[in-house]
Amino acid sequence: MNRSDIIRLTEEIGFLPEQKFGQNFLCNEKISGSIVDLCGISPSDKVLEIGPGLGSLTSILATKTSDLTCIEIDKRLAEYISEAFGCNVISQDYLKVPAEQYNASEIDVAVSNIPYYVMTPIIKKLLTDLKNVRILTLMVEKEALDRLLAAPGTKQYGPLSIICCLFGEINVEFDLGGDNYYPAPRTVSTVFTMKRGDNAGIIDQDFLSFLEKAFMNRRKKLTNNLDLDKDRVTACLISLGYNANTRAEEISAIDYIKLYNGTR
Ligand code: SAM
């Protein structure tokens, strides 16, 4: 769908985009096609889209698979998407939808032009819920990408960058200027893909809670943040080449797997 299609559609269904839901709709058909191509969808794939909006990506996704589930917070849009594309639509805030309600462990491919105000919780939920997803193709604000790709020892390094790193291969694909959206945001966005790798299996709610505790107070030693036996944590840190004073941000993503398993 191009700009004129999006504007016509908003008029037809009497819809005014809401900033509070991050409603900036893609209006460049060529780019929407490239984003969907990055997913490498086969007809038998179960595909999930978070926030379909007016269907810029949904209209193409629906031609690639007959098993498409969309989760949309805005009831007016959810109703429109269900009628226009006949896919399975859950009209709710994604963050409140239990994994079982959308058969999360069966999803093969996930796509989202992520509403920026909830980027971190949405990515955390996608990575903990989708136990068997092969690829995620996502759009985020370009400046937020640093938080996803942050390296140990940096300010941005934390639970989000650790689970992204452990999930597998991340490829930054291309940037999108505000003129590709209606209404146009002031920021640039980036499209990236995440392909499942060998360490993805560790990511679940329990592992994420462990990481969140580890980073609860960045200035404290890790042994003081974790509510686990201090001697056990210290012994594990030493066996991994760290020491009793090590802070959360000094530990690599791979070593977090060993620390988690070693202190269970
Ligand atoms: N996918 C469409 C596109 O690319 O044009 C719309 C993208 S727009 C940036 C974000 C969409 O996510 C909007 O349709 C908005 O209503 C929806 N949304 C916002 N917060 C949401 C949430 N917590 N759960 C589900 N959908 C949400």
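Because the structure is predicted, anything quoted here is derived from the model rather than measured.
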A.B. asks: Test E173 against T193 for side-chain hydrogen bond (donor to acceptor under 3.5 Å, both in side chains), laying out the working first.
C.D. replies: CA-CA 7 Å; E173 306 288 351; T193 55; 2.9 Å; yes
A.B. asks: On a heavy-atom basis, which atom in Q101 and which in I90 lie closest, and how many Å separate them?
C.D. replies: NE2-CG2, 3.7 Å
A.B. asks: Is any NZ, NE, NH1 or NH2 atom of the basic residue among E212 and K124 found under 4.0 Å from an Asp or Glu carboxylate oxygen of the other?
C.D. replies: yes
A.B. asks: I need the T246 OG1 to I238 CD1 distance, nearest 0.5 Å.
C.D. replies: 8.5 Å
A.B. asks: Do we see a donor-acceptor contact under 3.5 Å between the side chains of Y102 and D129?
C.D. replies: yes
A.B. asks: Show your reasoning for whether side-chain hydrogen bond (donor to acceptor under 3.5 Å, both in side chains) applies to T234 and D231.
C.D. replies: CA-CA 5 Å; T234 305; D231 292 340; 5.3 Å; no
A.B. asks: Going by distance alone, is a donor N or O of one side chain under 3.5 Å from an acceptor N or O of the other, for E72 and Q92?
C.D. replies: no
A.B. asks: Kindly indicate whether a cation-pi arrangement holds for K20 with Y117, taking the cut-offs as under 6.0 Å to the six-membered ring centre and within 45° of the axis.
C.D. replies: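 No.
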A.B. asks: Could you state whether V97 and L208 fall into the same hydrophobic cluster, counting links through intermediate Ile, Leu, Val, Met, Phe, Trp or Tyr residues with side-chain heavy atoms under 4.5 angstrom apart?
C.D. replies: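 They do share one cluster, since a chain of ILVMFWY contacts under 4.5 Å joins V97 to L208.
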A.B. asks: If you draw a 6.0 Å radius around CD in Q19, do more than 12 non-hydrogen atoms from other residues or ligands fall strictly inside?
C.D. replies: no
A.B. asks: For K142, does the NZ atom have more than 12 heavy-atom neighbours from other residues, nucleotides or ligands under 6.0 Å away?
C.D. replies: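 No.
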A.B. asks: Should Y256 and I202 count as side-chain neighbours, where that means a heavy-atom distance under 4.5 Å?
C.D. replies: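 Not touching, per the 4.5 Å side-chain cut-off.
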A.B. asks: What closest approach, in Å, do A244 and T223 show between heavy atoms, and which atom pair accounts for it?
C.D. replies: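 Nearest pair, atom of A244 first, then T223: O-OG1, 3.7 Å.
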A.B. asks: Are a donor atom and an acceptor atom from the side chains of D204 and T128 found within less than 3.5 Å of each other?
C.D. replies: no
A.B. asks: Within this structure, what is the CG-CZ distance for the pair L259 and R264, rounded to the nearest 0.5 Å?
C.D. replies: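 The distance works out to 9.0 Å.
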A.B. asks: Are L226 and L211 linked, directly or through intermediate hydrophobic residues, by side-chain heavy-atom contacts shorter than 4.5 Å (ILVMFWY only)?
C.D. replies: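 Yes, because L211 and L226 connect within a single hydrophobic cluster, where side-chain heavy atoms sit under 4.5 Å apart.
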A.B. asks: When clusters are formed by joining ILVMFWY residues with side-chain heavy atoms under 4.5 Å apart, either directly or through shared neighbours, do L166 and L136 land in the same one?
C.D. replies: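 In one cluster: yes.
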A.B. asks: I'd like to know whether the aromatic ring centres of F25 and Y182 sit less than 6.0 Å apart in this structure.
C.D. replies: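 No.
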A.B. asks: With a 3.5 Å cut-off and sequence neighbours excluded, list the donor-acceptor pairs that the side chains of residues 75-83 form with protein atoms.
C.D. replies:
{"from": "R76", "atom 1": "NE", "to": "D74", "atom 2": "OD1", "distance (Å)": "3.1"}
{"from": "R76", "atom 1": "NH2", "to": "D74", "atom 2": "OD2", "distance (Å)": "2.7"}

A.B. asks: Assess the side chains of E169 and N171: does a donor N or O sit below 3.5 Å from an acceptor N or O?
C.D. replies: yes
A.B. asks: With a 3.5 Å cut-off and no angle check, do the side chains of E249 and T154 form a donor-acceptor pair?
C.D. replies: no
A.B. asks: Give the other cluster members for L68, using side-chain heavy-atom distances under 4.5 Å between Ile, Leu, Val, Met, Phe, Trp and Tyr residues; answer none if it is isolated.
C.D. replies: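 Besides L68, the cluster holds L26, I31, I35, V36, L38, I41, V47, L57, I60, L61, V109, V111, Y116, I135, M139, F174, L176, Y181, V191.
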A.B. asks: Quick one: OG on S34 to NZ on K30, what's the gap to the nearest 0.5 Å?
C.D. replies: 7.0 Å
A.B. asks: With no hydrogens and no angle check, just 3.5 Å: does a side-chain donor-acceptor pair link R147 and T120?
C.D. replies: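 R147 vs T120: donor-acceptor pair found between side chains.
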A.B. asks: Could you grab the distance from atom OG1 of T263 to atom CG of D229, nearest 0.5 Å is fine?
C.D. replies: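 It comes to 10.0 Å.
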A.B. asks: Taking the side chain as C-beta and beyond, is there a heavy-atom pair between D67 and E106 under 4.5 Å?
C.D. replies: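 Side chain of D67 against side chain of E106, heavy atoms only: no contact under 4.5 Å found.
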A.B. asks: Hey, mind stepping through E141 and S189 against side-chain hydrogen bond (donor to acceptor under 3.5 Å, both in side chains) and telling me if it holds?
C.D. replies: CA-CA 4 Å; E141 235 173 346; S189 10; over 6 Å; no
A.B. asks: Decide yes or no for I6 and S56: does some side-chain heavy atom of the first lie under 4.5 Å from some side-chain heavy atom of the second?
C.D. replies: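 Side chain of I6 against side chain of S56, heavy atoms only: contact under 4.5 Å found.
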A.B. asks: Do I162 and I254 sit in one hydrophobic cluster, given that two such residues count as connected whenever their side-chain heavy atoms are within less than 4.5 Å of each other, even indirectly?
C.D. replies: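 I162 and I254: one cluster.
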A.B. asks: Does the side chain of K46 reach to within under 4.5 Å of the side chain of D108, using non-hydrogen atoms?
C.D. replies: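 Sidechains of D108 and K46: in contact.
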A.B. asks: Are I163 and V172 co-members of a hydrophobic cluster defined by side-chain heavy atoms under 4.5 Å apart?
C.D. replies: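 Same cluster.
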A.B. asks: Can you tell me how far CD of E11 sits from CG of L16, rounded to the nearest 0.5 angstrom?
C.D. replies: 10.0 Å
A.B. asks: Got a sec: does the CD of E143 have more than 12 other heavy atoms crowding it under 6.0 Å?
C.D. replies: no
A.B. asks: Do side-chain atoms of R196 reach the backbone of K131 as a donor and acceptor pair under 3.5 angstrom?
C.D. replies: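 Such a contact is found between R196 side chain and K131 backbone.
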A.B. asks: Please lay out, stage by stage, how N217 and N224 fare under the test side chain to side chain contact (heavy atoms under 4.5 Å, CB included).
C.D. replies: CA-CA 9 Å; N217 188 335; N224 289 334; over 6 Å; no
A.B. asks: Just do the side-chain hydrogen bond (donor to acceptor under 3.5 Å, both in side chains) check on T65 and D45 with the steps written out, would you?
C.D. replies: CA-CA 6 Å; T65 177; D45 278 338; over 6 Å; no
A.B. asks: Looking at N24, D175, N28, which hits side chain to side chain donor-acceptor pair (under 3.5 Å) with N180?
C.D. replies: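 By the side chain to side chain donor-acceptor pair (under 3.5 Å) criterion, N180 pairs with just one of N24, D175, N28: N28.
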A.B. asks: At what distance, to the nearest 0.5 angstrom, does OG of S252 lie from NZ of K258?
C.D. replies: 7.0 Å
